[in-house]
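Report on the structure given below.
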Amino acid sequence: MILLINACARPDSRTLSLAKKAVQTISGDCEILNLFEEDPAPLNYDELSKRDRFIEKGSYSDRMFRFARQFSAADEIVIAAPYWDLSFPAVLKCYIEAVCVNGLTFVYNEAGIPEGLCKAERLIYVTTAGGFIPENNYGYDYVKRLCTDLFGIKNTLCIKAEGLDIQGADVSGIMKKSEDQLVQLIRQG
């Protein structure tokens, strides 16, 4: 199963369009999770306490674990996240907090080092920007680090289309170039 995590606020999002091309290239059954419809809330003291009690019991059936269960079970993961304020929309951070669950997406070994429990072998991070993304893409860099150090997903790719809102930009040409690059990278594995 492919999990498409949509962190795009706009229904006509260029980021989402590019991410859907990634899903088509992978091919397979796809679940789309629209974060702006789901509206995951940031964790507060009460939710953390509740979560800790469930984790202590090894009980993960509560609705609060639905995102972590889905994320952990996915074969492929595609994140559609526009480049906002040097990172990504806040709703994605709230989602990530809900996904980071000891016992579902990772466990700590005896040495206190996290070991990933996620089934996915690859995560594809898709982003677009009106301007240009600097060398350090804080949104992708953060997600990549979570994948490799916490979730056990060693293969991550970042596909981006940038400079889309620069006056005189060939938007369709930029998008086409990014789509071609995306297809090539996905097929290479």
Side-chain angles (χ1 to χ4, degrees), residues 1-41 60-84 87-101 104-106 116-129 137 139-140 142-148 150-162 164 171-172 174-189:
M1 181 268 298
I2 304 164
L3 175 60
L4 172 55
I5 302 161
N6 176 8
C8 304
R10 295 178 178 97
D12 60 345
S13 166
R14 298 175 292 206
T15 306
L16 183 57
S17 171
L18 198 54
K20 285 181 177 179
K21 180 68 174 180
V23 169
Q24 291 169 357
T25 303
I26 297 166
S27 81
D29 293 336
C30 179
E31 290 183 28
I32 300 173
L33 181 64
N34 184 325
L35 297 183
F36 281 94
E37 288 176 4
E38 294 287 337
D39 197 23
Y60 301 102
S61 61
D62 192 86
R63 179 169 165 73
M64 74 181 332
F65 298 112
R66 70 190 183 283
F67 297 137
R69 288 191 307 264
Q70 182 185 43
F71 189 90
S72 183
D75 298 308
E76 296 257 9
I77 300 168
V78 177
I79 295 178
Y83 187 72
W84 285 8
S87 184
F88 47 67
V91 70
L92 182 56
K93 176 63 170 111
C94 293
Y95 170 79
I96 289 168
E97 285 181 358
V99 165
C100 293
V101 177
L104 279 178
T105 53
F106 70 95
L117 297 176
C118 293
K119 184 178 170 184
E121 302 217 2
R122 176 173 60 184
L123 181 138
I124 301 167
Y125 186 90
V126 179
T127 192
T128 61
N137 179 343
Y140 170 65
Y142 173 67
V143 170
K144 179 180 180 178
R145 193 67 185 251
L146 284 170
C147 286
T148 58
L150 196 64
F151 301 140
I153 304 170
K154 301 299 181 202
N155 186 3
T156 63
L157 300 171
C158 180
I159 308 297
K160 61 184 177 180
E162 55 188 336
L164 295 167
V171 174
S172 59
I174 295 168
M175 290 296 290
K176 174 72 170 113
K177 183 179 176 184
S178 294
E179 284 181 9
D180 292 346
Q181 178 189 21
L182 176 147
V183 169
Q184 182 181 5
L185 286 171
I186 290 173
R187 290 187 177 153
Q188 288 174 352

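Only a predicted model underlies this, so the values are computations on that prediction, with no experimental measurement involved.
Legend: residues meeting ring-ring contact (aromatic ring centres under 6.0 Å, His included) with Phe106, ordered by chain and number and at least two apart, are Tyr108. Applying the side-chain hydrogen bond (donor to acceptor under 3.5 Å, both in side chains) rule to Ser72 yields no partners; only residues at least two apart in sequence or on another chain are considered.
For Cys94 against Pro40, the heavy-atom pair with the smallest separation is CB-O, 3.3 Å. Nearest heavy-atom pair across Thr25 and Lys21 is OG1-O, 2.8 Å. Nearest heavy-atom pair, Val171 versus Leu164, reported as atom, atom and distance to 0.1 Å: CG2-O, 3.3 Å. Contact between Ala98 and Ala68 at its shortest, heavy atoms only, is O-CB, 3.7 Å. Nearest heavy-atom pair across Arg69 and Tyr60 is NH1-O, 2.5 Å. Annotation for Phe36 and Pro89: closest pair CZ-CB, 4.1 Å, computed over non-hydrogen atoms.
Annotation: side chain of Leu18 is in contact with side chain of Ile159 (closest heavy-atom distance under 4.5 Å). You'll find the side chain of Ile153 reaches within 4.5 Å of the side chain of Ile77, heavy atoms only. Taking 4.5 Å as the limit, every side-chain heavy atom of Ile32 sits out of range of all side-chain heavy atoms of Leu3. Val126 has its side chain out of reach of Ile79: every pair of non-hydrogen atoms, C-beta onward, lies at least 4.5 Å apart. For the pair Ile96 and Leu146, the minimum side-chain heavy-atom distance is below 4.5 Å. Here the side chains of Leu92 and Leu35 are in contact, with some heavy-atom distance below 4.5 Å.
Side-chain atoms of Tyr83 and Thr15 form no donor-acceptor pair, as typed in the model, at a separation below 3.5 Å.
Rounded to the nearest 0.5 Å, atoms OG1 (Thr128) and CD1 (Ile174) are 10.5 Å apart. Here CG of Leu182 is found 10.5 Å from CD of Gln184. Values are rounded to the nearest 0.5 Å. Between the CE atom of Met1 and the CD atom of Gln70 there is a distance of 5.5 Å, given to the nearest 0.5 Å. Atom CG of residue Leu33 and atom CD1 of residue Ile5 lie 6.5 Å apart, to the nearest 0.5 angstrom. Between Met175 atom CE and Asp180 atom CG the span is 11.5 Å, to the nearest 0.5 Å. One finds the NZ atom of Lys177 at 13.5 Å from the OG atom of Ser172 (value rounded to the nearest 0.5 Å).
The neighbour count for Lys154 NZ, taken as heavy atoms of other residues, nucleotides or ligands under 6.0 Å away, is above 12. In this structure, Asp12 places its CG atom where more than 12 heavy-atom neighbours from other residues, nucleotides or ligands lie under 6.0 Å away.
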Show me, pair by pair, the donor-acceptor contacts under 3.5 angstrom made by side chains of residues 118-125, not counting sequence neighbours?
residue: Lys119; atom: NZ; partner: Asp75; partner atom: OD1; Å: 3.1
residue: Arg122; atom: NE; partner: Glu76; partner atom: OE1; Å: 3.0
residue: Arg122; atom: NH1; partner: Ile186; partner atom: O; Å: 3.1
residue: Arg122; atom: NH2; partner: Glu76; partner atom: OE1; Å: 3.3
residue: Arg122; atom: NH2; partner: Glu76; partner atom: OE2; Å: 3.0

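With hydrogens and angles ignored, the 3.5 Å screen pairs a side-chain donor or acceptor of Ser178 with a backbone N or O of Lys160.
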Apply ring pair (Phe, Tyr, Trp, His ring centres under 6.0 Å) to the pair Phe88 and Tyr140, showing each step before the final yes or no. CA-CA 9 Å; Phe88 47 67; Tyr140 170 65; over 10 Å; no
Would you sort out whether Thr105 and Leu117 count as a side-chain contact (heavy atoms from CB on, under 4.5 Å), showing the intermediate values? CA-CA 5 Å; Thr105 53; Leu117 297 176; 5.6 Å; no
Any chance you could lay out the side-chain contact (heavy atoms from CB on, under 4.5 Å) test for Phe151 and Val99, step after step, and finish with the verdict? CA-CA 10 Å; Phe151 301 140; Val99 165; 3.8 Å; yes
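Using a cut-off of 4.0 Å between Lys/Arg side-chain N and Asp/Glu carboxylate O, Arg66 and Glu38 are scored as salt-bridged.
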